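This one's a predicted model, so the numbers in the text were calculated from it and none came from an experiment.
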Amino acid sequence: VANNLILNPSMETATNPSLPDHWQSNSWGTNTVTFSYPVAGSNGAAASKVSMSTYTDGDAKWYFEEVNISGNADYIFSDSYNSTVQSSLIAQYTMSDHSTVYSSLAQYESTGGVWKDTNISFSTPVNAVSMTVFHLIQGVGELTTDNYSLTAVSLNESDKFLEGIVSLTFDDGWLSQYQNALP
């Protein structure tokens with residue numbers, strides 16, 4: 001994808017044979033998790049898989065290194081996934097004051113062994129400076145992901161309004177009723 005902000009978006013490059021370059025895996029909570037790389041992807045090439053065999057709380061995910069973004073801007077995120085359990089997309093933003101903010105982007109049902117694609121548009125918080133997206137699971141099952149993309153949305157000049165689109169009219173309601181409805 002042109003202008004993709006994610007480095008190694010299809011996880012094809014790996015200096016460490018069990019970890020794609022510019023990627024991490026993580027889990028938290030009370031659960032039993034296995035991270036696998038490489039596994040067969042949506043097009044037969046490398047992908048990542050997280051398997052959860054027991055679950056009490058928390059989540060597990062693979063995620064790309066944070067990328068620099070603009071605050072108060074529009075972006076499109078997409079990936080390919082195959083899951084046996086419900087999965088979620090969560091954006092993690094680092095703000096200009098170094099705090100972290102999380103935002104739920106979407107939830108997806110199990111794909112039943114079939115590869116599906118996500119595609120979601122969203123706006124970043126005003127003071128956000130970098131971000132990553134977690135495609136995660138919170139239950140017993142497996143999630144395999146591949147083909148990530150994060151792109152900025154830029155409007156063409158032809159897409160912008162040349163003048164305002166909101167008009168406000170203030171009326172007391174009585175005079176217009178008398179003049180227009182009575183006759």
Side-chain angles (χ1 to χ4, degrees), residues 1-14 19-28 35 37-39 41-43 45-50 58-83 85-111 114-138 142-166:
V1 174
N3 302 317
N4 191 348
L5 299 173
I6 301 169
L7 298 175
N8 195 18
S10 292
M11 298 175 250
E12 301 301 319
T13 307
L19 181 67
D21 294 345
H22 307 288
W23 287 83
Q24 298 293 320
S25 58
N26 188 300
S27 68
W28 67 273
F35 295 100
Y37 174 85
V39 297
S42 62
N43 57 2
S48 62
K49 180 162 102 174
V50 58
D59 69 40
K61 67 269 184 191
W62 283 90
Y63 60 97
F64 56 90
E65 289 178 354
E66 284 199 21
V67 296
N68 293 330
I69 57 163
S70 299
N72 198 31
D74 295 326
Y75 288 84
I76 297 173
F77 173 81
S78 64
D79 72 356
S80 300
Y81 74 104
N82 186 340
S83 66
V85 63
Q86 183 181 46
S87 63
S88 302
L89 291 180
I90 307 291
Q92 175 187 285
Y93 301 103
T94 299
M95 310 303 279
S96 58
D97 66 0
H98 304 289
S99 63
T100 303
V101 173
Y102 297 90
S103 176
S104 176
L105 299 178
Q107 290 192 341
Y108 301 103
E109 294 301 318
S110 165
T111 65
V114 176
W115 282 94
K116 293 198 175 179
D117 296 323
T118 67
N119 191 335
I120 187 156
S121 300
F122 61 95
S123 298
T124 58
V126 173
N127 295 322
V129 295
S130 63
M131 74 173 296
T132 188
V133 176
F134 303 143
H135 195 157
L136 59 84
I137 57 174
Q138 294 177 295
E142 297 179 343
L143 170 66
T144 306
T145 55
D146 196 5
N147 302 325
Y148 282 72
S149 175
L150 179 65
T151 56
V153 175
S154 59
L155 293 176
N156 298 325
E157 285 301 315
S158 63
D159 294 335
K160 296 179 182 177
F161 293 107
L162 299 177
E163 48 187 81
I165 60 168
V166 175

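The closest side-chain donor-acceptor pair between N3 and T151, if any, does not fall under 3.5 angstrom. Side chain to side chain, S48 and T145 meet the donor-acceptor criterion of an N or O pair below 3.5 Å. Of the N and O atoms on the side chains of D74 and S123, at least one donor lies less than 3.5 Å from an acceptor on the other residue. No donor-acceptor contact under 3.5 angstrom links the side chains of N8 and H22, judged on distance only. In the model, S42 has a side-chain atom that pairs as donor or acceptor with a side-chain atom of N147 under 3.5 Å.
Here OG1 of T144 is found 11.5 Å from CG of D79. Values are rounded to the nearest 0.5 Å. Expressed to the nearest 0.5 Å, how far CD1 of I76 lies from CG of L150 amounts to 9.5 Å. Note: W62 CH2 to Q24 CD = 8.5 Å, rounded to the nearest 0.5 Å. Residue D21 holds its CG atom at 6.0 Å from OG1 of T13, rounded to the nearest 0.5 Å.
Taking both residues in full, the closest heavy atoms of S78 and N119 are given as CB-CA, 4.1 Å, listed atom of the first, atom of the second, then distance. Across all their heavy atoms, G58 and Q138 have their closest contact at O-CG, 3.4 Å. Among all heavy-atom pairs drawn from S83 and V85, the shortest one is OG-O, 3.1 Å.
Under the 3.5 Å distance criterion, the side-chain polar atoms of D59 are left unmatched by any main-chain donor or acceptor of I137.
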Q | Worked check of side-chain contact (heavy atoms from CB on, under 4.5 Å) between S80 and D117 | A | CA-CA 4 Å; S80 300; D117 296 323; 2.7 Å; yes
Q: Decide side-chain contact (heavy atoms from CB on, under 4.5 Å) for L143 and Y81; before the verdict, give the C-alpha distance in whole Å, the side-chain angles of both, and the deciding distance to 0.1 Å.
A: CA-CA 7 Å; L143 170 66; Y81 74 104; 4.0 Å; yes
Q | Worked check of side-chain contact (heavy atoms from CB on, under 4.5 Å) between I69 and Y93 | A | CA-CA 9 Å; I69 57 163; Y93 301 103; 4.0 Å; yes
Q. Going through the checks in order, is the side chain to side chain donor-acceptor pair (under 3.5 Å) test met by N82 and T111?
A. CA-CA 6 Å; N82 186 340; T111 65; 3.2 Å; yes
**Q.** Trace of the side-chain contact (heavy atoms from CB on, under 4.5 Å) decision for F77 with M131
**A.** CA-CA 12 Å; F77 173 81; M131 74 173 296; over 6 Å; no
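Two residues are said to be in side-chain contact when any heavy atoms from C-beta on lie closer than 4.5 Å; P38 and M11 fail this criterion. A heavy-atom distance below 4.5 Å is not found between the side chains of S25 and Y37. K61 places a side-chain heavy atom less than 4.5 Å from the side chain of W28. Under the 4.5 Å side-chain criterion, counting only non-hydrogen atoms from C-beta, D146 is in contact with W115. Two residues are said to be in side-chain contact when any heavy atoms from C-beta on lie closer than 4.5 Å; T132 and E65 fail this criterion. For the pair L19/F35, no side-chain contact is recorded, criterion being any heavy-atom separation below 4.5 Å from C-beta on. Side chains of Q92 and T100 form a contact here, defined as non-hydrogen atoms less than 4.5 Å apart. In this structure the side chain of S70 reaches within 4.5 angstrom of the side chain of Y75, judged on heavy atoms.
In this structure, Y148 has its ring center under 6.0 Å from that of W23.
Here the options are T118, L105, I90, the test is side chain to side chain contact (heavy atoms under 4.5 Å, CB included), and the partner is H135; only T118 passes.
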